[in-house]
Amino acid sequence: MLINHRSLITLAVLIGVMISIISVKLNFIAVIIAALFISLVFFKVEFILIGLILSVNNVFFLITNSNSESLILIFSFLTILILIFYLISGRLRETVFINMKFKYLWSIFILLIVIGILNSYFLFQQPIWLGIKAAKWYLIIVIYFLLSYLLINNLISVRKIVNIVISIGFIASIIYIIQFFLYDKYQFLNVNFLERFGEVRFYQGVNIVIFSLVLGIQRVLEKGKVSIMLAVACSVNFFYILVVANSRSLTIPLLIALLYILFLQKKFNKTIIIYALLGFSIYLFNSKDSNLFIKTFSLLINDISNNDGTFGFRIKEINYYLSEISRNFVLGMGILSESHSPSYFALGKQFNYYLSDIGMIGFFFKFGIIGVLLVCAIVLSMIKKNLYLWQKKVYRFDLIAYVIYLLFAMWFVPLFDNASSLLCICIALALIDYEIFKTQLRSLR
């Protein structure tokens, strides 16, 4: 057993009590799910990761947002308590921190969140407790430190983490595709259903599926041959991303990333090329009576030309938020809560505006130019470290693909301001840490 100290068990049991005290109401379903996973943690610490991934994805969007928020808080507290235990016990030594390559940037991110909470108080007199409540999901970012520590100390394997992500992404895709085909008859997911040219689409669970896909492709490139199960998983993930989610802001950056890693291959893998062509073909011809791709592209051109439709609405949102942020360009407007009246109007809720619609500008609104520069620094650091690994002949095409995807998608989608995508980024950072540590260790021998 990896964790078997009575003191830690006692602290973990107290988590449920803490959640009960700080929550407005007790979410029974969330506590039951959390209790199950907390008990499993004492046998395998990776159940924290499983619990967090499921939590940020509303357990495949089968539970409500309130239950999901409670789960995120419970598992984040558990992660923090385990880290505190490792610090007190002396396991988190200085040598371990040295090998955490993103520790300073990630610590600045945590500091920026605290500043965001205080900022909302000074600018809008929003109560501190409302800022904390609005920001509580950011606690998931501490999982980076725990995963990096566990990987560097060989307390959990890369293979196990990758298996967890691929499996959950595959299961998620199956559930979402079933809902896609049953949409007219039965709706069992708690998601926002959208329609385009008479066809339903939804993309709430797309982040873990994309991460699962790039990790799965790495497996294919490593082995040189494809197992039936892995082939099915990649195909199902492709179908969900391209047909069910059908998001231009996510699909185009992903295709760029996948094509780039194919270009990096000295010898093109025929199987991967077939999957890429098959996936893109499905994307082009998934409409029942006509070419959806042509329709979508024509609609985009029309919206841009006439400043109308979705594009026109986004322009109005951008103009509104940019006018608001002029009050504090450097540090942004802070982390605002809809429950506070001045914050509600600053968020543009009276116009049905959403920060999540406008990608990096939404992050800019919250954290100012400092926040944007920090995100750029994190992504550039990821690119730099991937280049280092490439020079050392460590070919992690999945991590390369993911950072390219981030580089192109983060301007249009709030990847650093979304619980699901932020958790995937934490996992990617920890994997990069481990690969660098392993490479440096090997060079010393």
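Just so you know, these numbers come straight off a predicted model, no measurement behind them. Just the heavy atoms: all of them, side chains too, but no hydrogens, waters or symmetry mates, feed the values below. This chain uses plain numbering: 1 for the first residue, then up along the sequence.
- Here Met360 contributes atom CE and Cys376 contributes atom SG; the two are 5.5 Å apart, rounded to the nearest 0.5 Å.
- Listed for the Trp411 side chain is a donor-acceptor partner under 3.5 Å among the backbone atoms of Leu407.
- In this structure, the side chains of Arg219 and Arg159 come closer than 4.5 Å at one or more pairs of heavy atoms.
- Side-chain contact, Asn319 with Arg314: no donor N or O sits under 3.5 Å from an acceptor N or O.
- With hydrogens and angles ignored, the 3.5 Å screen pairs no side-chain donor or acceptor of Gln204 with any backbone N or O of Val191.
- For the pair Tyr434 and Val158, the minimum side-chain heavy-atom distance is below 4.5 Å.
- The distance from atom CD1 of Ile140 to atom CG of Leu422, rounded to the nearest 0.5 Å, is 5.0 Å.
- Note: Ser420 OG to Ile72 CD1 = 9.0 Å, rounded to the nearest 0.5 Å.
- With His340 contributing its side chain and Phe124 its backbone, the two residues share a donor-acceptor pair below 3.5 Å.
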Would you tabulate the side-chain donor-acceptor contacts of residues 331-339 under 3.5 Å, counting partners in other chains and residues two or more places apart, or write 'none'?
from   : atom 1 : to     : atom 2 : distance (Å)
Ser337 : OG     : Ser339 : N      : 3.2
Glu338 : OE2    : Lys349 : NZ     : 3.4

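- Between the side chain of Trp106 and the backbone N or O of Ile141 there is at least one donor-acceptor pair closer than 3.5 Å.
- Taking the six-membered ring where the residue is Trp, Phe202 and Tyr176 present perpendicular rings, their angle passing 60° and hence far from 30°.
- The shortest side-chain heavy-atom distance between Leu213 and Cys234 falls under the 4.5 Å cut-off.
- A donor-acceptor contact closer than 3.5 angstrom links the side chains of Asn418 and Asn207.
- For the pair Ser148 (side chain) and Met100 (backbone), a donor-acceptor distance under 3.5 Å is absent.
- Between the side chains of Asp433 and Tyr144, at least one donor N or O lies within less than 3.5 Å of an accepting N or O.
- The backbone N or O of Phe363 sits nowhere less than 3.5 Å from a side-chain atom of Lys366 that would complete a donor-acceptor pair.
- Under the ring-ring contact (aromatic ring centres under 6.0 Å, His included) criterion, Phe211 pairs with Tyr402, not counting sequence neighbours.
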Between Leu250 and Tyr405, is the side-chain contact (heavy atoms from CB on, under 4.5 Å) condition met? List the steps.
CA-CA 8 Å; Leu250 295 169; Tyr405 163 73; 2.9 Å; yes
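- Leu146 is not listed as a side-chain neighbour of Leu49, based on a closest heavy-atom distance of 4.5 Å or more.
- A donor-acceptor distance shorter than 3.5 angstrom exists from the side chain of Gln218 to the backbone of Phe397, with no hydrogens or angles considered.
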So Tyr138 and Asp417, side chain to side chain donor-acceptor pair (under 3.5 Å) or not? Walk me through it.
CA-CA 9 Å; Tyr138 283 109; Asp417 201 27; 2.2 Å; yes
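- Within the 4.5 Å cutoff, the side chain of Phe238 has no heavy atoms near those of the Val209 side chain.
- Atom CD1 of Ile132 sits about 8.5 Å away from atom CG of Leu118, to the nearest 0.5 Å.
- Remark: the backbone N or O of Ser247 is paired with a side-chain donor or acceptor of Thr251 at under 3.5 angstrom.
- Ser326 places a side-chain N or O within donor-acceptor distance of the main-chain N or O of Ser323, the cut-off being under 3.5 Å.
- A distance of 11.5 Å separates CG of Leu215 from CD1 of Ile164, quoted to the nearest 0.5 Å.
- With rounding to the nearest 0.5 angstrom, the CD1 atom of Ile50 is 5.0 Å from the CZ atom of Phe47.
- For Tyr121, the OH atom counts as loosely surrounded, since its 6.0 Å shell holds 12 or fewer non-hydrogen atoms of other residues, nucleotides or ligands.
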Does Lys385 form a side chain to side chain donor-acceptor pair (under 3.5 Å) with Ser381? I'd like the steps, not just the answer.
CA-CA 6 Å; Lys385 287 167 177 56; Ser381 182; 3.0 Å; yes
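- Counted within 6.0 Å of CZ on Phe188, heavy atoms from surrounding residues, nucleotides or ligands total more than 12; the atom is thus considered enclosed.
- For the pair Asn119 (side chain) and Ile115 (backbone), a donor-acceptor distance under 3.5 Å is absent.
- A 4.5 Å side-chain heavy-atom check between Cys424 and Ile208 finds at least one atom pair inside the cut-off.
- Put simply, the side chain of Ile241 reaches to within 4.5 Å of the side chain of Leu254, judged on heavy atoms.
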Walk me through it: do Phe364 and Phe329 pass the test ring pair (Phe, Tyr, Trp, His ring centres under 6.0 Å)?
CA-CA 8 Å; Phe364 175 50; Phe329 181 83; 5.3 Å; yes
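- Two rings, from Tyr149 and Phe145, have their centers 6.0 Å or more apart.
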